[in-house]
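Have a look at the structure below, then the notes.
One is the number of the first residue; the rest follow in order along the sequence.
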Amino acid sequence: MSGVRDVRCTTSRGLEASQRIASGERIRTGRVARFDAEAKVGVIMCYMMEDACVREVYVHDNLLQTCLAGPGDTMAFFIDQSQKDMLQVSAPMLRIAAEHGKALKGKFNPGGAPEKNGWIEHDDIRLMYGKDLFVPKKISHTLIPGQWVAFNVGMSGNGLPRTDDVEPCDESWVATPGDLSTSQTCKVSLGMPSISNCAVEPKPTGGGETVARLSSVKKRTCRHVNDTTGRPGPQAVLVVGLPRTARPYTLRQPLRAVLRPFGIKRLRICSTHTGHCRGFAVAELDCIDAALETLSAGMSAVELLETARLSRCCGGKVDLLFPFVAAEIRAQLRLDSEAIYSTLDQAAGDACMSAFVQVFEVAGAVPAHLTAIDGFACCGGSTLALHSALGGAIVSVELDTGRAELLRHNLALLCPDGRANAVVGDFVQLWDSLPPVDLMFLDVPWGGPTYGEKQMIVDLPISGMPLARLLIQLTAAQTADLVAVRLPRNFDI
């Protein structure tokens, strides 16, 4: 049968979940409240005990498809934080209750005496929660020992799995996948017993307001602002140099072991939407100075942390945008209210440049000789990425005069060799007067922090010109060997 498979046991998923639990993480539970078929992203409503309220957690369609899940289904999952400081689901995830029909299949095992409580054997449930699924006696006495059953999972008052929704089935039974073919919204009760007793770790986000839905932010006068509310503060350190191919749960235990002598209070390993480490973590410690002094030589003796080192947090979003910059330089960087949300962060910038460099190397070019134009430089995040990856001159264009002053200030700190120069003006009007380069990078404005709430973005006009027309002009004029544009995931390509 196409699109369905046996969901009695997915041992690799259960083993990965048990490893994350052993490293100190906890399982969250919530329901898929809506799904956007165009953007290929869903939202799970998850009760967060640390905030005593329900939060939105984003989940990508590939994870939903893997679990056969759809709108209205209840999921057990882990939470990481995206590069936009939004809560997102990371693997492994398990569909534990279906909106229509049953989610899982297992074998019934009766209790020690007739008409007593029973259990359903399911490998993933056992690995994730430490025991088989509890079946109350009002249901267990209707079932036959060794019988195959289909079921949905709920949670008992102590946070352990149980079921009141079970029925006999054939061994060949498979669950019906959730419908991800169309955009849907489901009514979700905020007081669901299946999620209200979920145990959680301390607050996993760095933001003051952890709801994933971004609020509108009006464009303000360009001036340097200190964005410290809810961001890493002076009592926190950055752990940089973490392996970017690693899953956060594999790093959590060794990091906690190293930092425990310094009074670790909270640890957040920043991750990508694919569930991999972004190269750094934020740790709140009681003894910051002692940690920085003791671990000044790094952590080379610890497996997976061979290249890791500590860096003092300056306080504010600048720590998350420029984590790999030396603390004494990071503390001097200036951002305005728009740059806090729109500057390309260092981890994402490095990933982009790595892809571009591979393209040039395949073509036989030497990155150390390549030049570039940063068409929408903002406060310098994308220029820093270009400067780190390429060895030639870089022209950084910024439309706003006030922000261009911040850009010049930041480039003097981030690119002290003088290879990067700021130009004030409208890129749409300036591009044909700029010298030809090897790489033209356009981190175009995405329409403000509410861009993610749109089902689909059909165009991102630049100074009144459709983006497609601008790109046609740039390629026709052969302004660069490679023109690269950074676009949101919900852009209609």
Give, for atom [atom1] of [X] and atom [atom2] of [Y], the distance between the pair rounded to the nearest 0.5 Å.
| X | Y | atom1 | atom2 | value |
| --- | --- | --- | --- | --- |
| L482 | L439 | CG | CG | 5.5 Å |
| L344 | C352 | CG | SG | 6.0 Å |
| D345 | L320 | CG | CG | 8.5 Å |

(Q) Applying ring pair (Phe, Tyr, Trp, His ring centres under 6.0 Å), can you list everything that pairs with F491, at least two apart in sequence or on another chain? (A)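 With sequence neighbours excluded, F491 shows a ring pair (Phe, Tyr, Trp, His ring centres under 6.0 Å) to no residue whatsoever.
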
Could you note down all residue pairs passing ring-ring contact (aromatic ring centres under 6.0 Å, His included) where residues 356-388 supplies at least one of them, sequence neighbours left out?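 For residues 356-388, and leaving out neighbouring residues, the ring-ring contact (aromatic ring centres under 6.0 Å, His included) pairs sorted by first residue read F356-F441, F376-F427.
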
**Asked** What pairs meet the ring-ring contact (aromatic ring centres under 6.0 Å, His included) rule with one or both residues in residues 279-333, with sequence neighbours excluded?
**Response**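 Output for this query lists F280-F324.
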
- prompt: Under 4.0 Å between a Lys/Arg side-chain N and an Asp/Glu carboxylate O for R20 and D80?
  reply: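 Between D80 and R20 there is a salt bridge, with a charged N closer than 4.0 Å to a carboxylate O.
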
Please determine whether a side-chain nitrogen of the Lys or Arg among E398 and R408 lies less than 4.0 Å from a carboxylate oxygen of the Asp or Glu.
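R408 and E398: not salt-bridged.
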
Can you find a heavy atom in the side chain of [X] that is under 4.5 Å from one in the side chain of [Y]?
| X | Y | result |
| --- | --- | --- |
| E405 | R334 | no |
| Q184 | R34 | no |
| M456 | D36 | no |

What pair of heavy atoms forms the shortest contact from R419 to G392, and how long is it?
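Reported closest heavy-atom pair: NH1-O, 2.6 Å.
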
What is the minimum heavy-atom distance between L94 and M128, and which atoms define it?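 Looking at all heavy atoms of both residues, the shortest contact is CD2-SD, 3.6 Å.
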
Under the salt bridge (charged side-chain N to carboxylate O under 4.0 Å, His left out) definition, can you give me all pairs with a residue in residues 289-304, not counting sequence neighbours?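 Residue pairs with at least one partner in residues 289-304: D289-R312.
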
Can you list every salt bridge (charged side-chain N to carboxylate O under 4.0 Å, His left out) pair that touches residues 371-390, not counting sequence neighbours?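 Pairs touching residues 371-390 that pass the test: none.
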
Whether the S382 and D443 side chains hold a donor-acceptor pair (N or O, under 3.5 Å, no angle test) is what I'd like checked.
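Per modelled atom types, S382 and D443 side chains form no pair under 3.5 Å.
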
- Message: I'd like to know if the side chain of S311 pairs up with that of R330 as donor and acceptor (distance under 3.5 Å, no hydrogens or angles considered).
- Response: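 Looking only at side-chain atoms, R330 and S311 do form a donor-acceptor pair, the distance falling under 3.5 Å.
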
### Message
Run the salt bridge (Lys or Arg N to Asp or Glu O under 4.0 Å) test against R247 and tell me which residues pass, sequence neighbours left out.
### Response
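Salt bridge (Lys or Arg N to Asp or Glu O under 4.0 Å) check on R247 returns nothing, list empty.
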
Query raised in the report: Knowing that exactly one of R278, R244, Q88 qualifies, which makes a side-chain contact (heavy atoms from CB on, under 4.5 Å) with T272?
Result: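 Going through the options one by one, the only one that passes is R278.
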
